[in-house]
Engineer: 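Before I ask anything, here is the structure I am working with.
All values below come from the heavy atoms of this structure, side chains included, with hydrogens, waters and symmetry mates left out.
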Number of protein chains: 2
Amino acid sequence: MPRTSYHHGALRQALIDGAREILAERGHEQFSLNEVARRAGVSTSAPYRHFENRDELLTAVAAQGYETLRQSLERTAASTADATERLLRLGGAYVRFSHDHPDLFVTMFRSKPDAGPVGHESFEVLLRAVADAQRERVLSTKPSAELLATSIWATLHGLAALSLRQPHERFGMSAPPEDLATSTLSALLGL
Amino acid sequence: MPRTSYHHGALRQALIDGAREILAERGHEQFSLNEVARRAGVSTSAPYRHFENRDELLTAVAAQGYETLRQSLERTAASTADATERLLRLGGAYVRFSHDHPDLFVTMFRSKPDAGPVGHESFEVLLRAVADAQRERVLSTKPSAELLATSIWATLHGLAALSLRQPHERFGMSAPPEDLATSTLSALLGL
DNA sequence: ACCTGAACACCGTTCAAGT
DNA sequence: ACCTGAACACCGTTCAAGT
């Protein structure tokens, strides 16, 4: 298990992987940089060659999360030509992501603001879907596409955050979490 | 500064107050139970007479936050007889609370699930406002009041969470944070 | 009943030293 | 260039002892 050396950059990724493992197993509160080092088989000071500090490692984890989310949303957006259906599926994909990777999701939205959602590529995917729906007159064009996309993102984000913390029955829902998103979007947008 | 004793229950509240101070000054990451004790002028083991552990103190802080939020929402709900206006004001109050007390807000939604929002008194206030709006045909009765209230709560929660993390310009908004809530609700509900 | 003092294992971070 | 080993101040928690 204990290794004597890593070749270029291999330790960096090993640390990120180890961090994700710990986050998934025990959550954010119990996360320890020393333990990450221990798992990788290096001394507790070794991570400092690759990350400025504990926070920077978590930021790197968050960055991988944003990339995973973006890919998922882009695949989802491409999965249908119908504007309404695309919006609903995007909502489902967002909430499903938060339940499939709660450790990543929490880390993403705990990390420093520079890694925030709005302005990121993931937001662009949603923005395009909203603009498409407006063009096809599925959605009103009175609120701007930006405001509408921001509203929808906030709704999905709130849904994800709240449903991660609560037993689903208290939401008055027995269905899988992504159905929560689609029925909420339907209810709010009148789709 | 250092006191030799507290009379019944006084230390408990002093610890809660100290915890809120630290949370407000330096945020969750830097929070330390030892420092809370130091500020109260007692030994590091003294808090354990009043709280099982560090987490229980944070839960007590969260409980005070829920109570403050409930009071704010209830006052807001009573401030107008118009159902539409009441919904919009409730949205504004929720987001304003998150910006006035970011430390409380973050602590509330980080603490253990048993302190969750849905099912709490704060949720009841929103639920009544939604039911009223449906009764007056301001809102559609097709989605149940519960689903609609949950959707609105999620939207407000997401808005609060995201806007706390981002400079407002990236939201395409220059207005104060509570206007964000009202324009979002208007856009989504067609109010 | 409530608090102190000392102790424990653990944490994040630094730095000189090894290869 | 990359990692170790020892060190520092600090943390959460426990427990015997004091009043």
Side-chain angles (χ1 to χ4, degrees), chain A residues 1-63 103 106-107 110-112 115, chain B residues 1-63 103 106-107 110-112 115:
Chain A
M1 190 85 72
R3 308 189 37 177
T4 48
S5 98
Y6 279 88
H7 48 294
H8 91 295
L11 177 53
R12 187 188 148 88
Q13 187 59 45
L15 293 170
I16 294 178
D17 292 344
R20 291 190 54 174
E21 272 181 41
I22 296 174
L23 289 169
E25 286 171 19
R26 295 214 284 282
H28 225 89
E29 317 284 315
Q30 308 280 355
F31 176 82
S32 140
L33 183 54
N34 283 8
E35 188 181 351
V36 176
R38 238 178 282 127
R39 287 203 187 201
V42 295
S43 75
T44 66
S45 52
Y48 289 89
R49 290 288 131 187
H50 300 274
F51 301 98
E52 282 230 356
N53 49 38
R54 182 195 126 114
D55 254 37
E56 247 216 2
L57 171 53
L58 289 175
T59 300
V61 170
D103 52 316
V106 169
T107 304
R110 230 188 189 72
S111 68
K112 292 292 161 290
Chain B
M1 191 83 72
R3 309 186 39 175
T4 47
S5 96
Y6 280 88
H7 48 292
H8 92 295
L11 177 54
R12 186 189 149 90
Q13 186 59 43
L15 293 171
I16 293 178
D17 293 344
R20 291 189 55 172
E21 272 180 41
I22 296 175
L23 289 170
E25 287 172 20
R26 295 216 284 283
H28 224 91
E29 317 284 314
Q30 309 280 354
F31 177 83
S32 143
L33 182 54
N34 283 8
E35 188 181 351
V36 176
R38 238 178 281 129
R39 287 201 187 201
V42 295
S43 75
T44 66
S45 52
Y48 289 89
R49 288 291 132 186
H50 300 274
F51 301 98
E52 281 229 358
N53 50 36
R54 182 195 125 114
D55 253 38
E56 246 216 5
L57 171 53
L58 289 174
T59 300
V61 170
D103 52 315
V106 168
T107 304
R110 231 189 189 71
S111 67
K112 293 292 160 288

Engineer: Nearest-Å distance, CD (A/E56) to P (C/dG12)?
Structural biologist: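 Those two atoms, CD and P, are 15 Å apart.
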
Engineer: Measure from the side chain of A/A46, starting at C-beta and using heavy atoms only, and say which of C/dC11, D/dC3, C/dC3 lies closest.
Structural biologist: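 The listed nucleotide nearest to A/A46's side chain is D/dC3.
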
Engineer: Below 3.5 Å between N/O atoms, which protein atoms pair up with nucleotides 13-17 of chain C? Just atom names and distances, please.
Structural biologist:
{"unit_1": "C/dT13", "atom_1": "OP2", "unit_2": "A/Y48", "atom_2": "OH", "d": "2.9"}
{"unit_1": "C/dT13", "atom_1": "OP2", "unit_2": "A/R54", "atom_2": "N", "d": "2.9"}
{"unit_1": "C/dT13", "atom_1": "O5'", "unit_2": "A/Y48", "atom_2": "OH", "d": "3.2"}

Engineer: Would you say that more than 12 heavy atoms from the other residues, nucleotides or ligands in this model lie under 6.0 Å from the CD of B/E52, or not?
Structural biologist: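 No, not enclosed.
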
Engineer: Looking at B/R38 and B/E21, is there a salt bridge between them, counting it only when a charged N and a carboxylate O are closer than 4.0 Å?
Structural biologist: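 Salt bridge flag = no for B/R38 with B/E21.
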
Engineer: When Watson-Crick pairs (N1 to N3 and N6-O4 or O6-N4) and G-U wobble pairs (N1-O2 and O6-N3) count only below 3.5 Å on both distances, what is the dot-bracket string of DNA chain C, with | for other-strand pairs?
Structural biologist: ||.|||||...|||||.||

Engineer: In whole Å, what is the span from the CD atom of A/E29 to the C1' atom of D/dC11?
Structural biologist: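 In whole Å, D/dC11 C1' lies 15 Å from A/E29 CD.
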
Engineer: Roughly, in whole Å, what's the span from CZ in A/F31 to P in C/dC10?
Structural biologist: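 Spelled out: CZ on A/F31 to P on C/dC10 is 17 Å.
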
Engineer: How many Å lie between CD on B/Q13 and P on C/dC2, as a whole number?
Structural biologist: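 Rounded to whole Å, this separation is 16 Å.
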
Engineer: Look at the side-chain N and O atoms of A/R38 and state whether any lies under 4.0 Å from the OP1 or OP2 oxygen of C/dC11.
Structural biologist: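 Yes, such a contact exists.
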
Engineer: Donor-acceptor pair, B/D17 side chain versus B/R20 backbone, under 3.5 Å?
Structural biologist: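 Flag not set: sc B/D17 to bb B/R20 has no pair under 3.5 Å.
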
Engineer: Starting from C1' on C/dC3, measure out to NE2 on B/H50 and report it in whole angstrom.
Structural biologist: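 One finds 9 Å between C1' of C/dC3 and NE2 of B/H50, rounded.
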
Engineer: Quick check: closest heavy atoms across A/E56 and A/H50, and the distance to 0.1 Å?
Structural biologist: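 Minimum heavy-atom separation between A/E56 and A/H50: OE1-O, 4.5 Å.
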
Engineer: Are side-chain heavy atoms of A/L58 and A/L23 found at a separation under 4.5 Å?
Structural biologist: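 Sidechains of A/L23 and A/L58: in contact.
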
Engineer: Separation of B/R26 atom CZ from D/dC10 atom P, in whole Å?
Structural biologist: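 Roughly 11 Å, once rounded to whole Å.
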
Engineer: Find out whether B/P47 and B/V36 are in side-chain contact, i.e. whether some heavy atom of one side chain is under 4.5 Å from a heavy atom of the other.
Structural biologist: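 No - every pair of side-chain heavy atoms lies 4.5 Å or more apart.
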
Engineer: May I ask you to test the B/F31-B/L57 pair for a side-chain heavy-atom distance under 4.5 Å?
Structural biologist: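 The answer is yes, as the side chains (C-beta and beyond) meet within the 4.5 Å cut-off.
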
Engineer: Quick one, A/Q30 and A/I22 - any side-chain contact, counting heavy atoms below 4.5 Å?
Structural biologist: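 A/Q30 vs A/I22: side chains apart.
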
Engineer: Tell me the interatomic distance from B/R12, atom CZ, to C/dC3, atom P, rounded to whole angstroms.
Structural biologist: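 B/R12 atom CZ is separated from C/dC3 atom P by 13 Å.
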
Engineer: Test side chain to side chain contact (heavy atoms under 4.5 Å, CB included) on B/L11 and B/R49 and set out the steps.
Structural biologist: CA-CA 10 Å; B/L11 177 54; B/R49 288 291 132 186; over 6 Å; no

Engineer: For B/S32, answer base if it contacts any base atom (sugar-phosphate contacts may also be present), sugar-phosphate if it contacts only those atoms, and nothing otherwise; contact means non-hydrogen atoms under 4.0 Å.
Structural biologist: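 Sugar-phosphate, no base atom in range.
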
Engineer: Between C/dG12 atom C1' and B/Q30 atom CD, what is the distance in whole Å?
Structural biologist: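 Rounded to the whole Å, the gap is 11 Å.
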
